[in-house]
Protein chains: 2
Amino acid sequence: MTRPADGRPGETAFLAGYRPAGYPAFAVAADLAVLTIRDGLLSVLLVRRGDHPFAGYLALPGGFVRTGESAEQAAARELAEETGAAFTGHLEQLRTYSDPDRDPRMRVVSIAFVALAPRLAEPRPGGDAADARWWPVTDLGFDHRSGRRPAGAAELAFDHAKVLGDALERVRSKLEYTTLAASFVGEPFTLADLRRVYGAVWGSVPDLPNFRRKVLSTEGFIVEQGRSDAAAGPAGGRPPLLYRRGPAALLHPPMLRPAAR
Amino acid sequence: MTRPADGRPGETAFLAGYRPAGYPAFAVAADLAVLTIRDGLLSVLLVRRGDHPFAGYLALPGGFVRTGESAEQAAARELAEETGAAFTGHLEQLRTYSDPDRDPRMRVVSIAFVALAPRLAEPRPGGDAADARWWPVTDLGFDHRSGRRPAGAAELAFDHAKVLGDALERVRSKLEYTTLAASFVGEPFTLADLRRVYGAVWGSVPDLPNFRRKVLSTEGFIVEQGRSDAAAGPAGGRPPLLYRRGPAALLHPPMLRPAAR
DNA sequence: TCAATAGTGTCTGTCAGACAGTATGTG
DNA sequence: CACATACTGTCTGACAGACACTATTGA
């Protein structure tokens, strides 16, 4: 992106003599809303904080951005530390939270990320987290509509309740116009698996025939992978066709969530 | 958002003894992509940099976030400084750019914003900007589709070409599912004015009868304000009805840009 | 044969694309 | 009157909602 300063006359000399001055110093954190579907419930990975501030509170995993790495790299690093393996799912920037008093210790700007993953192994504790585990977002007081929470819901540390609310709304709306739902299921998956993702995220499952028609008619959303050999349900039933994620990223036209209409 | 530490046992004492240590210090900037429609062209406010680094290059206006203010407050302050008056249009966070070498002086994280405004008075120079003026984005090599630019287009300072490309894509897509287009026109406006906004942002004007039907049938998008008394065009013609922005923020279902289908 | 899960066909209403037509102003 | 701009009516096809139906498995 940025060309070397040598291409710009006089700049190298300027930089050699440059001393930063007069700008307030900030710590910069990368915080993660890691979402997955567990037992049909949209769930988020939270850590129980062991140290002040907000000792004992639930918090989004995260950490400070280091010298020499971007916020995206920091987020990927945190994610790998938290889950114990290189992360291969979907990771995107959400937004940045910069209220002056959002951290009582000092001035910290938090660049928040959303990560979507198929059901992962149980997380292992890392950093200053006393423990880390999955929480169904409904257990935290988040509904499927607004992302706002009733008074009395479990309090999260810092402004993480707002961050998580924004993350949920981002995901709910991205299911409408992208193929992101497929990031929530392990491969290969069935159409019923994929439909359950929409049910968990939106709070209501789309009508099955219409859902099939939409997904199958969207070129490149999913790719058929053959029929499972011997994978009928526990109580019998026709074995489903299996699919993998396709190359398409966008849905045109979008699939609007039921309540929105 | 954050409750006072007094509600959390032991934290006040912890904070009294706390000394920040071990975290890299960053400068945090708020940079602005201020967009408007001028002479039917989507245009962005750019400053010509007077000082190193990138002396002589075009850049997005912006500045460092100060102690005690959020990035949003910093953006609003910069905007007011740049335009010479309190800003009343639409201002939203775009995303944060944090590549380690995006600024050759030091580590600077840039929180970028998009501002939309009706045609403003000519900007007045401020800060380290040698001068500030409006540039049609097509003159900068941005097309109406991808936001990516051909090699050889006028170079912008830092990573601002990427920021501006992201801003343009944000606006193009937000016109689809929000009523944001009305932020680009001064009140009162005509339906033809509003339609020209879509034309300028998308690169092709929507079909007029269909556009009218969509806009007028979306409750709360615009509010009729009576007919202009004596405002026929220079060559005559029927005087148009006048409108103001309505309370609705979202379009359901969305109005998709022509090329997308 | 039954229960259970997978998958299909089809009617209907809504809405966007296309475009021909009407209304109301100025010179 | 011509002309320019504003505005309306309507046909059509694409597609989503709703829901009744068929298919294939295990017990």
Side-chain angles (χ1 to χ4, degrees), chain A residues 40 175-177 181 185 188-199 202-219 221-222 224-243 248 250-261, chain B residues 40 175-177 181 185 188-199 202 204-219 221-222 224-243 250-261:
Chain A
L175 285 208
E176 294 192 320
Y177 63 94
V185 288
F189 52 86
T190 70
L191 273 172
D193 293 334
L194 189 60
R195 179 166 165 255
R196 271 188 288 273
V197 171
Y198 286 86
W202 285 347
S204 64
V205 284
D207 176 86
L208 176 57
N210 300 335
F211 177 77
R212 294 179 54 83
R213 181 176 55 195
K214 179 70 181 178
V215 171
L216 294 174
S217 72
T218 299
E219 183 140 11
F221 190 167
I222 58 176
E224 193 178 316
Q225 202 66 19
R227 192 175 297 276
S228 96
D229 286 343
R238 182 177 180 174
L241 282 170
L242 298 177
Y243 298 87
L250 294 174
L251 247 49
H252 269 290
M255 170 162 39
L256 300 182
R257 46 195 141 163
R261 311 212 86 172
Chain B
L175 285 209
E176 294 193 319
Y177 62 93
V185 288
F189 53 85
T190 69
L191 274 171
D193 292 334
L194 189 60
R195 179 166 165 254
R196 271 188 287 271
V197 171
Y198 286 86
W202 284 347
S204 64
V205 283
D207 176 85
L208 176 56
N210 300 334
F211 177 76
R212 295 179 54 84
R213 179 176 56 197
K214 178 71 180 177
V215 171
L216 294 175
S217 72
T218 300
E219 185 140 9
F221 190 166
I222 58 176
E224 194 179 317
Q225 203 66 17
R227 192 174 297 276
S228 98
D229 287 342
R238 183 178 180 175
L241 281 171
L242 299 177
Y243 298 88
L250 293 174
L251 247 48
H252 268 290
M255 168 162 41
L256 301 182
R257 47 196 138 161
R261 312 212 83 172

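Numbered from 1 within each chain, the chains take letters A, B, ... in sequence-line order.
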Among all residues two or more places apart in sequence or in another chain, which pass the salt bridge (charged side-chain N to carboxylate O under 4.0 Å, His left out) test with Arg196(A)?
-> Asp193(A)
Grab the NE2-P distance between His252(B) and dC15(D) for me, whole Å please.
-> 20 Å
Interatomic distance where CG belongs to Leu216(B) and P belongs to dC7(D) [whole Å] | 9 Å
Tell me: CZ of Arg257(B) to P of dA16(C), nearest whole Å?
-> 17 Å
Rounding to a whole Å, what distance do you find between Arg195(A):CZ and dG17(D):C1'?
-> 14 Å
Where protein sits on nucleotides 19-24 of chain D, one letter per nucleotide: B base, S sugar-phosphate only, - none, heavy atoms under 4.0 Å = BB--BB
Got a sec, which residues hit side-chain contact (heavy atoms from CB on, under 4.5 Å) with Pro254(B), two or more places apart in sequence or on another chain?
-> Pro254(A), Leu256(A), Tyr177(B), Leu256(B)
Between dC15(C) and Lys214(B), is there an OP1 or OP2 to side-chain N/O distance shorter than 4.0 Å?
-> no
Which whole-number value in Å describes the distance from Phe189(A) CZ to dT5(C) P?
-> 20 Å
Closest non-hydrogen atom pair, Glu176(B) against Leu251(B) | O-CD2, 3.7 Å
Which whole-number value in Å describes the distance from Leu241(B) CG to dT5(D) C1'?
-> 13 Å
Measure from CZ on Arg212(B) to C1' on dT8(D) and round the result to the nearest Å.
-> 8 Å
Atom pair CD/OH of Gln225(A) and Tyr243(A) - distance to nearest 0.5 Å | 11.0 Å
With nearest nucleotides of DNA chain D determined for Thr190(B) and Arg213(B) from heavy-atom distances, which residue corresponds to the more 5′ nucleotide?
-> Thr190(B)
Rounded to the nearest 0.5 Å, how far apart are CG of Leu175(A) and CE of Met255(A)?
-> 8.0 Å
CG of Leu256(A) versus P of dC15(D): gap in Å, rounded?
-> 14 Å
Name of the residue among Leu208(A), Asp207(A), Thr190(A) meeting side-chain contact (heavy atoms from CB on, under 4.5 Å) with Arg195(A) = Leu208(A)
